[in-house]
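Hydrogens, waters and symmetry mates play no part in the numbers below; they use all other heavy atoms, side chains included. Chain A is the first sequence line, chain B the second, and so forth, proteins listed ahead of strands; every chain is numbered from 1.
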Protein chains: 2
Amino acid sequence: MKIGELAEATGLTRDTIRFYERNGLIKSEAGKQATNSYRDYPEELVFRLNIIQQARDAGVSVSDIKAIFDALDGSCDPADAKLVVAEKIAELEASKQQIESTIAFFKQQLANL
Amino acid sequence: MKIGELAEATGLTRDTIRFYERNGLIKSEAGKQATNSYRDYPEELVFRLNIIQQARDAGVSVSDIKAIFDALDGSCDPADAKLVVAEKIAELEASKQQIESTIAFFKQQLANL
DNA sequence: GCAAACCATGGACCATTGTCAACGGTATAT
DNA sequence: ATATACCGTTGACAATGGTCCATGGTTTGC
């Protein structure tokens with residue numbers, strides 16, 4: 001699919017998709033037509049970009065997402081991969097705790113209004 | 001207390017504390033001694049800065065923290081204050097959801113390694 | 001009384017995460 | 001065939017959240 005369709009399907013802008021591609025989060029292929037320079041984005045990127053959005057919203061940095069994808073995409077030692085992912089999960093659990101504490105504090109303040 | 005002590009007590013750097021002060025998250029008083037220009041930071045800032053750290057770790061922006069503190073610090077209409085804080089709580093709940101989903105995804109990927 | 005440690009201010013600098021504008025080429029619908 | 005909408009590339013721009021440095025003054029320990 002073309003970048004505009006992908007943007008439509010994911011709710012991201014073309015610029016953001018290109019930004020992610022520049023940063024190695026996704027890859028596109030050269031289109032079949034020799035007449036233009038339009039890139040072809042595989043359908044499965046819709047799902048992948050949804051994951052990326054979710055992770056970004058969860059506060060995971062672009063470079064960390066890349067590291068995790070690189071680990072998961074099977075190119076490296078599975079044992080190393082597990083470490084990378086497990087560590088990020090631990091960080092996310094910690095973030096979650098911070099959020100919960102913050103919510104608790106705000107709620108308590110709210111009660112004192 | 002002096003800024004160095006506050007930094008020590010909170011684990012933040014002096015620069016960061018000054019940054020937060022510039023951005024209205026905290027206030028200091030002019031020191032009693034006329035001989036120097038050292039500022040005096042009230043003890044309660046230790047707690048306040050801990051909250052700030054927690055909120056920052058939870059992904060709350062500096063300007064949002066300021067808005068919430070302004071709301072809580074009683075200078076404005078309590079009804080408005082409640083709205084501001086409640087809205088931020090809702091955002092944090094949403095963040096938490098994103099994090100949980102992301103954790104779930106990563107865990108599932110981990111299982112497939 | 002002197003060095004080392006502290007303080008305030010100002011401004012420069014940095015990475016991250018996009019976003020936008022300009023340019024020239026291509027597709028598509030009428 | 002022509003207007004409109006799309007595409008790729010490049011490079012500039014912006015906001016956020018700090019961090020660092022230089023300068024000049026102050027305090028403290030020895």
Side-chain angles (χ1 to χ4, degrees), chain A residues 1-42 45 48-69 88 91 95 98 102, chain B residues 1-42 45 48-69 88 91 95 98 102:
Chain A
M1 63 202 309
K2 288 188 285 187
I3 194 168
E5 299 171 278
L6 187 55
E8 175 76 13
T10 59
L12 297 169
T13 67
R14 292 184 213 87
D15 277 332
T16 299
I17 292 171
R18 293 201 183 100
F19 172 74
Y20 289 157
E21 184 165 10
R22 268 203 307 288
N23 285 275
L25 263 47
I26 58 170
K27 283 200 173 64
S28 61
E29 301 155 17
K32 291 109 196 170
Q33 272 96 331
T35 62
N36 68 21
S37 58
Y38 295 5
R39 314 234 15 123
D40 183 56
Y41 291 85
L45 287 186
R48 193 174 172 105
L49 283 169
N50 283 336
I51 295 294
I52 291 171
Q53 278 191 83
Q54 192 167 276
R56 291 286 309 119
D57 282 354
V60 185
S61 72
V62 168
S63 65
D64 281 359
I65 295 172
K66 174 164 167 48
I68 290 165
F69 279 173
K88 183 47 72 176
E91 282 176 37
S95 288
Q98 297 289 306
T102 304
Chain B
M1 63 200 309
K2 287 186 287 187
I3 196 169
E5 300 172 277
L6 188 56
E8 176 76 13
T10 58
L12 297 169
T13 67
R14 282 175 292 235
D15 277 331
T16 299
I17 292 171
R18 294 203 183 98
F19 173 74
Y20 289 157
E21 186 165 8
R22 267 203 308 287
N23 284 275
L25 263 47
I26 59 170
K27 283 200 175 64
S28 61
E29 301 155 15
K32 291 108 197 172
Q33 272 96 332
T35 61
N36 68 21
S37 59
Y38 294 7
R39 314 232 18 121
D40 184 56
Y41 292 85
L45 288 186
R48 192 174 171 104
L49 283 170
N50 283 336
I51 296 294
I52 292 171
Q53 277 191 83
Q54 194 167 274
R56 290 288 307 120
D57 283 355
V60 185
S61 72
V62 168
S63 65
D64 281 358
I65 295 172
K66 175 165 167 46
I68 290 166
F69 280 172
K88 184 45 75 174
E91 283 177 36
S95 287
Q98 296 291 306
T102 305

On the side chain of B:Y20, is there an atom forming a donor-acceptor pair with the base of D:dG17 - under 3.5 Å, no angle test?
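No pair found.
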With distance as the sole criterion, do the side chain of B:Y38 and the base of D:dT27 form a donor-acceptor contact below 3.5 Å?
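Counting by modelled atom types and ignoring angles, no donor-acceptor contact under 3.5 Å is found here.
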Would you mind telling me which residue lines up with the more 5' stretch of DNA chain C, A:S37 or A:S61, judged by nearest nucleotide?
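Counting from the 5' end, the first nearest nucleotide belongs to A:S61.
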In this structure, how many angstroms lie between the [atom2] atom of [N] and the [atom1] atom of [X], rounded?
X: B:D57; N: D:dG17; atom1: CG; atom2: C1'; value: 13 Å
X: B:K66; N: D:dA15; atom1: NZ; atom2: P; value: 19 Å
X: A:I65; N: C:dT16; atom1: CD1; atom2: P; value: 13 Å
X: B:R14; N: D:dA22; atom1: CZ; atom2: P; value: 16 Å
X: B:I17; N: D:dT19; atom1: CD1; atom2: P; value: 11 Å
X: A:E29; N: D:dG8; atom1: CD; atom2: P; value: 13 Å
X: A:R22; N: C:dT19; atom1: CZ; atom2: P; value: 12 Å
X: B:I3; N: D:dT27; atom1: CD1; atom2: P; value: 16 Å

Among [options], the one nearest [X] by side-chain distance:
X: B:T35; options: D:dG18, C:dT19, D:dT26; value: D:dT26
X: B:N36; options: C:dG25, D:dT27, C:dT19; value: D:dT27
X: A:R39; options: C:dT28, D:dG8, C:dC7; value: D:dG8

Across the strands shown, which category fits A:R18 at heavy-atom distances under 4.0 angstrom: base, sugar-phosphate, nothing?
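Base, at least one base atom sits under 4.0 Å.
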With a non-hydrogen cut-off below 4.0 angstrom, is B:D15 in contact with a base, only sugar-phosphate, or nothing?
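Base: the residue B:D15, judged by heavy atoms under 4.0 Å, touches a nucleobase.
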Closest nucleotide of DNA chain D for B:R56 versus for A:D40: which of these residues is on the 5' side?
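First, find each residue's nearest nucleotide; the 5'-ward one identifies A:D40.
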Decide whether B:E21 and B:S28 meet the rule of one side-chain donor and one side-chain acceptor closer than 3.5 Å.
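There is such a pair between these side chains.
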